[in-house]
Amino acid sequence: MSELQRMLQANETFAEGFTAGDTPTPPARRVAIITCMDARIHPETALGLEIGDAHVIRNAGGRASDDAIRSLIISSRLLGTREVAVIHHTECGMLTFSNDDLRAKLAEEAGTDASGIDFLPFSDLEQSVRDDVHRILDTLHIDDGIEVSGHIYDVHTGRVRTVVPATSRATA
Ligand SMILES: [Zn+2]
């Protein structure tokens with residue numbers, strides 16, 4: 001059985017017990033999480049979130065990239081979220097390479113030019129959290145009252161440690 005077949009089979013079981021079909025679109029807890037795509041993180045399980053509770057935006061590193069910012073503007077302006085939590089994590093793959101490393105790999109393996117792509121790797125985990133919190137706070141499309149905080153998830157203990165306490169542009 002392929003992985004796709006296994007997933008679709010699991011979905012049959014999931015759908016049989018599904019009772020959340022009338023959940024409203026706006027997140028009930030009015031929070032948005034930005035975190036890494038790392039397979040060791042299950043944000044909903046780790047943070048006690050149910051279907052309908054929160055927006056979870058994921059990408060490599062959990063970075064406040066242009067596309068993550070795009071989602072946050074929609075999340076806050078159209079769907080009522082009032083808090084954003086940036087959660088990076090220990091042993092993130094983004095700590096293990098530089099833009100130049102990945103560009104060289106692509107040139108060698110695919111013969112492609114990725115000089116125009118910033119893959120947003122980082123070398124300092126806490127600093128990357130602070131940078132992304134500030135990038136969100138500095139986005140004027142996101143309103144002054146939105147509380148933004150920054151955290152690190154430990155993949156060995158499952159524990160979240162706060163690096164930047166909740167701050168809004170209004171109170172900063
Ligand atoms: Zn990661």
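Start at 1 and go down the list; that is how both ligands and their atoms are numbered.
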Next item on the list: Any chance you could pull the hydrophobic cluster mates of Ile74, using side-chain heavy atoms under 4.5 angstrom and chaining through other members?
Entry: Leu78, Leu79
Notebook entry, point to check: How are the rings of Phe97 and Phe119 set to each other: parallel, tilted or perpendicular (split at 30° and 60°)?
Noted result: perpendicular
Notebook entry, point to check: Is it true that Asp118 and Arg103 have a side-chain N and a carboxylate O under 4.0 angstrom from each other?
Noted result: no
Checklist line | Same cluster (ILVMFWY, side-chain, under 4.5 Å), Ile117 and Phe122 | finding: yes
Margin query: Checking Glu16 now: which residues fulfil salt bridge (charged side-chain N to carboxylate O under 4.0 Å, His left out) with it, not counting sequence neighbours?
Written below: none
Check: If you look only at pairs with a residue in residues 144-156, which of them pass as a salt bridge (Lys or Arg N to Asp or Glu O under 4.0 Å), with sequence neighbours excluded?
Finding: Asp144-Arg169
Checklist line | Protein N, O or S atoms under 2.8 Å from the Zn ion (ligand 1) | finding: 3
